[in-house]
Each structure stands twice: as C-alpha cells, then as structure tokens.
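Notes follow once the structure below has been shown.
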Amino acid sequence: MVVPPVEELVDYILIEEVQLKTRVAELAKSINDDYRQLSPVLLVGILKGCVLFLTDLSRSLTVPHAIDFLDISSYGAGMRQSTGDIRVLMDLHQSIEGYHVLVVEDIVDSGRTLNHVIRRLEARKPASLKICTLLNKAERREIPVPLSYVGFTIPDVFVFGYGLDIDEYYRNLPHIAVVKPDIQIHS
Ligand code: IMP
Ligand code: MG
C-alpha cells in the first residue's frame, strides 16, 4: 500500500497552526481558572485523536493533574462517520471515583462516542465530569452532549491533522486540513 503524499489529500487548510496554539492557550487559561480550587483533577483523553491536543493542553495547565486514556473505536478505516457500534478497546488504568474528570476529545460529530463515554464514566462516581473538545461539528449532532470547553465550531467537512487521522495517517500535521472529496487511502 502506498500512502499518497499529503498534497494530494488536502483540499484546503481550515485552521492554521498559530490559531491552534492561540486557542489551546485560551482553553488552558479557562480550565486553570475553573479548576483552581479542585483536587484531584484527571484528564481523560479519548485515543487516538486527542493525543496532540492533550499534550499541548496539559503543558499549558498550571492545575496539578493526572492523565489517563480511554481507547474507543466508533468506526473502521475508510469510514467517514461513526457506525453507532461503539467498542472500548482499552479502558482506563485507574479509578476515577472522587476525581474531577475532564474528558479531552479531538472532535464531536454525531455525539454517539461521547454519549457512550459520559454514561460509562458517570457510573464510576467522579466528583465532577466535564468535556473539553478541540473541534465541534455542531450541525451533525444526533445526540446532545454537554460541552464545557470547545476550541472551534466547524462546518460539516471531514478534517485531519493535529491528531485527527485520514485512514490512520497524517495525525502529525501541525494544522487542521480538509480532505478532498471522495479520497480514501485504503481501497
Ligand atoms: P461521533 O461519535 O459521531 O461524535 O464521532 C466522534 C469521533 O469520530 C471522533 O472522536 C473522531 O475520532 C471521529 N471523527 C468525526 N469526524 C471526524 C473528522 O472530520 N475527521 C477525523 N475524525 C473524525
Ligand atoms: Mg476521537
């Protein structure tokens, strides 16, 4: 399998690197303010899309926090929307009982994945549970989810870069790009 060079996949850049940096710093400031008096704080990243966002956000947080990850699959390679068939591929490594949990997500689309995550985590008795997402495809929402921190609300386009993948590739781009219509890496 040959992965096409990124230039063949990108339609246009939706969010530049400098805009991401600025917005992540703003989100971190709000979280620092809101969580100043709260302890213990736990960031729960939803793999794999959260990774670049979470590491940048974490570095800008001054509130002491632990980090854990949940790996959820909501659709397979080559798919452009969640199937509704949500599977937990890797659960948290620690108990969240009594923790102020902040879920860190790359993008909320239909809301199915987060709805599942929220119900799963609420059952474990956290002291509080909030959601921070970098991107919000608001017009695609099927299940309402309460979002406390949103980086950018974006239109209904398929994006990749800064943690988000196109068929598992190009998560490393420093910006958020829109994929050309009808392109897939896996046939
Ligand atoms: P939802 O369950 O429909 O809200 O889908 C959420 C998940 O779908 C996200 O965590 C992403 O992993 C993935 N996703 C949704 N839209 C995009 C996109 O435009 N690019 C890459 N991944 C996406
Ligand atoms: Mg995700």
Side-chain angles (χ1 to χ4, degrees), residues 3-4 6 8-17 19-20 23-24 27 43-58 67-92 101-122 129-186:
V3 180
V6 70
E8 289 179 20
L9 304 175
V10 174
D11 195 353
Y12 58 95
I13 293 174
L14 184 66
I15 308 172
E16 299 282 358
E17 183 175 5
Q19 293 174 273
L20 289 169
R23 190 67 188 124
V24 170
L27 291 173
L43 301 189
V44 170
I46 311 298
L47 293 173
K48 306 169 200 160
C50 73
V51 169
L52 274 71
F53 175 44
L54 183 140
T55 51
D56 283 347
L57 185 70
S58 171
I67 297 176
D68 205 349
F69 294 100
L70 196 57
D71 194 357
I72 304 271
S73 96
S74 53
Y75 57 69
M79 306 273 286
R80 291 281 181 269
Q81 55 191 12
S82 45
T83 56
D85 171 27
I86 292 161
R87 279 174 298 159
V88 177
L89 304 179
M90 186 191 77
D91 206 341
L92 296 174
V101 172
L102 182 61
V103 174
V104 180
E105 177 63 299
D106 53 355
I107 184 166
V108 188
D109 186 13
S110 70
R112 289 175 195 278
T113 306
L114 265 186
N115 181 257
H116 186 91
V117 167
I118 292 167
R119 282 190 290 132
R120 195 178 177 83
L121 297 185
E122 285 284 12
L129 181 60
K130 284 186 172 186
I131 293 162
C132 173
T133 185
L134 178 68
L135 305 176
N136 181 20
K137 263 190 216 176
E139 65 195 66
R140 296 254 309 172
R141 199 64 28 83
E142 292 168 24
I143 303 177
V145 278
L147 302 177
S148 300
Y149 308 95
V150 174
F152 301 88
T153 296
I154 64 165
D156 181 12
V157 287
F158 195 84
V159 291
F160 67 112
Y162 198 61
L164 294 102
D165 68 304
I166 171 164
D167 303 334
E168 292 299 330
Y169 288 89
Y170 295 121
R171 294 186 192 272
N172 57 306
L173 299 188
H175 47 245
I176 302 277
V178 176
V179 69
K180 284 181 185 161
D182 302 323
I183 290 232
Q184 289 200 350
I185 293 183
H186 301 285

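Please read all numbers here as calculations on a predicted model, not as lab measurements. Atoms within a ligand are numbered from 1 in the order they appear, just like the ligands themselves. We're numbering straight along the sequence, starting at 1.
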If we set the cut-off at 4.0 Å for heavy atoms, which region of Asp106 has an atom near ligand 1: side chain, backbone, both, or neither? side chain
Just to verify, which of Val104, Leu92, Ile67 counts as forming a side-chain contact (heavy atoms from CB on, under 4.5 Å) with Val44? Leu92
Check ligand 1 against Lys137 and write out every atom of the ligand that is under 4.0 Å from a heavy-atom position of the residue. 16 (N), 17 (C), 18 (C), 19 (O)
4.0 Å heavy-atom contact, Gly49 with ligand 1: no
Is it true that Phe158 lies under 4.0 Å from ligand 1, counting heavy atoms only? yes
For Leu57 and Leu134, run side chain to side chain contact (heavy atoms under 4.5 Å, CB included): C-alpha distance rounded to whole Å, both residues' side-chain angles, the deciding distance at 0.1 Å, then the answer. CA-CA 10 Å; Leu57 185 70; Leu134 178 68; over 6 Å; no
Just heavy atoms, cut-off under 4.0 Å: does Arg140 contact ligand 1 by side chain, backbone, both, or neither? neither
Using the salt bridge (charged side-chain N to carboxylate O under 4.0 Å, His left out) criterion, which residues pair with Asp11? Sequence neighbours excluded. none
Heavy atom under 4.0 Å from ligand 1: found in Asp165's side chain, backbone, both, or neither? backbone
Among Val159, Leu47, Ile72, closest by heavy atom to atom 20 (N) of ligand 1 is Val159
Nearest option to atom 9 (C) of ligand 1, as decided by whichever heavy atom of Val178, Val117, Ile107 sits closest: Ile107
Taking 4.0 angstrom as the limit and counting only heavy atoms of Arg112, give me the atoms of ligand 1 inside it, by number and element. 2 (O), 4 (O)
Structural part of Leu164 in contact with ligand 1, heavy atom criterion under 4.0 angstrom: side chain
Side-chain donor/acceptor of Arg141 to backbone N/O of Asp109, under 3.5 Å: yes
N/O donor to acceptor pairs below 3.5 angstrom from side-chain atoms of residues 145-163, sequence neighbours left out:
from	atom 1	to	atom 2	distance (Å)
Tyr149	OH	Asp34	OD2	2.6
Tyr162	OH	Asp56	OD2	2.6

Show the atoms of ligand 1 that are less than 4.0 angstrom away from any heavy atom in Glu105. 10 (O)
Between Gly111 and ligand 1, does any nitrogen or oxygen pair lie at a separation below 3.5 Å? yes
Intermediate values then yes/no, side chain to side chain contact (heavy atoms under 4.5 Å, CB included), Ile107 and Asn136: CA-CA 6 Å; Ile107 184 166; Asn136 181 20; over 6 Å; no
Can you find a heavy atom in the side chain of Val51 that is under 4.5 Å from one in the side chain of Phe53? no
For ligand 1, which atoms have a heavy atom of Thr113 less than 4.0 angstrom away? 1 (P), 2 (O), 5 (O), 6 (C)
Go through it in stages, so that I can follow the logic: the residues are Asp165 and Glu168, the test is side chain to side chain contact (heavy atoms under 4.5 Å, CB included), and I'd like the CA-CA distance, side-chain angles, deciding distance and then a yes or no. CA-CA 5 Å; Asp165 68 304; Glu168 292 299 330; 3.9 Å; yes
Say whether Val157 and ligand 1 are in contact under the criterion: heavy-atom distance to a ligand atom below 4.0 Å. yes
Side chain to side chain contact (heavy atoms under 4.5 Å, CB included) between Leu89 and Leu47: does it pass, once the steps are laid out? CA-CA 10 Å; Leu89 304 179; Leu47 293 173; over 6 Å; no
Is His116 close enough to touch ligand 1? Criterion: a residue heavy atom under 4.0 Å from a ligand atom. no
How many angstroms lie between atom CG of Leu54 and atom CD of Glu105, to the nearest 0.5 angstrom? 11.0 Å
Give the numbers and elements of all ligand 1 atoms closer than 4.0 Å to a heavy atom of Ser110. 1 (P), 2 (O), 3 (O), 4 (O)
